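Remember, it's a predicted structure, so these values are computed and weren't measured experimentally. These numbers come from the heavy atoms of this one structure, side chains and all, not from hydrogens, waters or symmetry mates.
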Amino acid sequence: MSLRKKTGEWIRQSVFVGPGLIAFSIIVLVPFLLGFYYSFTEWNGLDLNKAKWIGMDNLNRIFANDEKFWASLAFTLKFTAVTVLITNGLAFVLGLALSRALKTRNFLRTVFFLPNVIGGILLGYIWQFIFTKGFKTIGEFTGWPLFELPWLGTPGTGFWGLVIVFVWQSAGYMMVIYIAAIVGVPKDLSEAAVIDGASYWQTVRKVTIPLIMPAVTVCLFLTTSNAFKMFDLNLSLTKGGPGTSTQSLAYNIYAEALVNNRYGLGTAKAMIFFVLVSLIAITQVWLTKRKEVEA
């Protein structure tokens, strides 16, 4: 290829890729690099002239003497494990049910998907009202102990309150992905399994699930990353309380940087958070990709 053609090709690529690359650099890349720098400083987040370079002191403080950070990490890991299992299990069952020839399936798909459209902060405040007022009223009328629990008042019930809302919001979106994958499974394979004497659930386990593993990979990745980064529901429902017993890692970083005005320390926590999420997501995708098969 001549120099003129190479130059023309480079210009054409720059025209198409350049604007997006510039936007990505301004919005994502530059703030990330600045955050990496500030994680090695002592700074209140307001006056750039007071950003003092302190090297590894922030990381040493986090690893040696920050019990709240590790408690938040433990809570986040527990929350992620529970919500990923429940969300994907429920979404898969809904996907199986609503991929069948039901008269109301389109309506039901819309109903289950609708919570995903509502923003997390608004959703949190809606469910805060349901937990504190709605459940209390139902409990007074029925006398059922389940509705009389202090849903946002104890560490245990606060945890399950967050799980309920997260699953309610996320399951519908994952359901749509599972439906698209299930509908794409070749019917002749399922019919052949039935002819060979397989039951419905055996067909699902031996035929359907292996063939929809790409969708499982995507859904597990999305639910894992979303659960690990959960902040808006935490802010609007419990604010990390009572105390800091339901404080997610994202909320801990927010409180450190923007409430306590220790931006350097908060950014250092955010860098650790980034590494953890990346490692967990990469590991999950690697494990599930190995189980994918072709029809």
### Task
Flag yes if Val285 and Val218 sit in one hydrophobic cluster, no otherwise; membership is Ile, Leu, Val, Met, Phe, Trp, Tyr, and two members link when side-chain heavy atoms are under 4.5 Å apart.
yes
### Message
I'd like to know if the side chain of Ser248 and the backbone of Met230 have a donor-acceptor N/O pair within less than 3.5 Å.
### Response
yes
### Message
Side-chain heavy atoms nearer than 4.5 Å, only ILVMFWY residues, links allowed to pass through others: does that put Ile212 and Tyr200 together?
### Response
yes
### Query
Would the number of heavy atoms belonging to other residues, nucleotides or ligands and lying under 6.0 Å from CG of Asn65 be above 12?
no
### Message
On a heavy-atom basis, which atom in Tyr178 and which in Cys219 lie closest, and how many Å separate them?
### Response
OH-CB, 3.6 Å
### Query
Is a side-chain N or O of Gln202 found less than 3.5 angstrom from the main chain of Ser199, in a donor-acceptor match?
yes
### Task
Tell me, with the steps shown, if Glu256 and Lys269 meet salt bridge (Lys or Arg N to Asp or Glu O under 4.0 Å).
CA-CA 9 Å; Glu256 193 72 75; Lys269 291 183 177 183; 2.7 Å; yes
### Query
Roughly how far, to the nearest 0.5 Å, is CD1 of Ile62 from CG of Asn252?
9.0 Å
### Query
Does a side-chain heavy-atom distance below 4.5 Å link Leu222 with Met174?
yes
### Task
Would you please indicate yes or no on a ring centroid separation below 6.0 angstrom for Phe69 and Phe63?
no
### Query
Does the side chain to side chain contact (heavy atoms under 4.5 Å, CB included) test come out yes or no for Lys289 and Gln284, once each step is laid out?
CA-CA 8 Å; Lys289 289 285 284 185; Gln284 173 264 306; over 6 Å; no
### Query
Is there a path of hydrophobic side-chain contacts, each under 4.5 Å between heavy atoms of I, L, V, M, F, W or Y residues, that connects Leu146 with Ile164?
yes
### Inter-residue atom distance Tyr37.OH - Trp43.CH2, 0.5 Å rounding
9.5 Å
### Query
Would one find more than 12 heavy atoms of other residues, nucleotides or ligands at under 6.0 Å from atom CD of Glu42?
no
#### Entry: Closest approach of Pro31 to Ile26 (non-hydrogen atoms, all atoms of both residues)
CD-O, 3.2 Å
### Query
Does some side-chain heavy atom of Ser190 sit less than 4.5 Å from a side-chain heavy atom of Val204?
no
## Note on the structure
Output for pair (Leu29 CG, Leu34 CG), nearest 0.5 Å, gives 9.5 Å
### Task
Look at the side-chain heavy atoms of Ile, Leu, Val, Met, Phe, Trp and Tyr, link any pair under 4.5 Å apart, and say whether Leu287 and Val84 land in one connected group.
no
### Task
For atom OH of Tyr173, decide whether the heavy atoms of other residues, nucleotides or ligands shown that lie under 6.0 angstrom number more than 12.
no
### Task
Verify, without hydrogens or angle tests, whether Arg105 (side chain) and Arg100 (backbone) share a donor-acceptor contact under 3.5 angstrom.
yes
### Query
Just wondering, more than 12 heavy atoms not from Trp144 lying within 6.0 Å of its CH2?
no
## Note on the structure
CG (Leu123) and CD (Gln169) are apart, to the nearest 0.5 Å, by 5.0 Å
### Task
Look only at the side chain of Asn58 and the backbone of Ser39, and say whether a donor-acceptor pair between them is shorter than 3.5 Å.
yes
### Task
Could you go through the side chain to side chain contact (heavy atoms under 4.5 Å, CB included) check for Asp66 and Lys68 one step at a time?
CA-CA 6 Å; Asp66 197 331; Lys68 289 184 178 179; 3.9 Å; yes
### Task
Answer with yes or no after comparing the ring centroid distance for Phe274 and Phe32 against a 6.0 Å cut-off, counting only values under it.
yes
### Summary
side-chain contact (heavy atoms from CB on, under 4.5 Å) test vs Met175 passes for just one of Leu90, Leu94, Leu96, Leu108, namely Leu94
### Message
Does Tyr263, at its OH atom, have more than 12 non-hydrogen atoms belonging to other residues, nucleotides or ligands within less than 6.0 Å?
### Response
no
### Task
May I have the step-by-step check of side chain to side chain contact (heavy atoms under 4.5 Å, CB included) for Met56 and Phe40, ending in yes or no?
CA-CA 6 Å; Met56 301 293 289; Phe40 296 100; 3.5 Å; yes
### Task
Kindly say whether the aromatic ring centers of Trp151 and Trp160 come within a distance under 6.0 Å.
no
### Message
Using modelled atom types and a 3.5 Å cut-off, is there a donor and acceptor pairing between side-chain atoms of Ser170 and backbone atoms of Val167?
### Response
no
### Task
State, with a plain yes or no, whether a side-chain heavy atom of Phe92 is found less than 4.5 Å away from one of Ile182.
yes
### Message
Quick check: closest heavy atoms across Leu162 and Leu233, and the distance to 0.1 Å?
### Response
CD2-O, 3.8 Å
### Task
Measure the shortest side-chain to side-chain distance between Thr154 and Phe159 over non-hydrogen atoms and say whether it is less than 4.5 angstrom.
no
### Task
Answer whether the closest heavy-atom distance between the side chains of Leu237 and Val165 falls below 4.5 Å.
yes
### Query
Say you draw a straight line from CD1 of Ile209 to OG1 of Thr203; how long is it, rounded to the nearest 0.5 Å?
11.0 Å
### Spacing of OG1 belonging to Thr83 relative to NZ belonging to Lys78, to within rounding of 0.5 Å
12.0 Å
### Message
Tell me if the CD atom of Glu140 is crowded by more than 12 foreign heavy atoms within 6.0 Å.
### Response
yes
### Task
Take the angle between the ring planes of Phe131 and Trp127 and call it parallel below 30°, perpendicular above 60°, tilted in between.
tilted
### Message
How close do Gly266 and Ala257 get, counting heavy atoms only, and between which atoms?
### Response
CA-CB, 4.2 Å
### Query
Do side-chain atoms of Arg109 reach the backbone of Leu98 as a donor and acceptor pair under 3.5 angstrom?
yes
### Message
Measuring centre to centre across the rings, with the benzene-like ring taken for any Trp, is Phe141 within less than 6.0 Å of Phe147?
### Response
no
### Query
Closest heavy-atom contact between Asn234 and Gly240?
ND2-N, 3.6 Å
#### Entry: Closest non-hydrogen atom pair, Phe113 against Gly172
CD1-O, 3.9 Å
### Query
Out of curiosity, does Phe36 fall in the hydrophobic cluster containing Val277 (side-chain heavy atoms, cut-off under 4.5 Å, transitive links)?
yes
### Query
Is there a side-chain contact between Leu276 and Thr76 (heavy atoms, below 4.5 Å)?
no
### Query
Any side-chain heavy atom of Phe112 within less than 4.5 Å of one from Val176?
no
### Query
Would you say Thr244 and Ser72 make side-chain contact, with heavy atoms under 4.5 Å?
no
### Message
Are more than 12 heavy atoms, taken from residues, nucleotides or ligands other than Phe221, located less than 6.0 Å from that residue's CZ atom?
### Response
no
### Task
Give the intermediate values and the outcome of side-chain hydrogen bond (donor to acceptor under 3.5 Å, both in side chains) for residues Thr246 and Thr238.
CA-CA 7 Å; Thr246 63; Thr238 65; 3.0 Å; yes
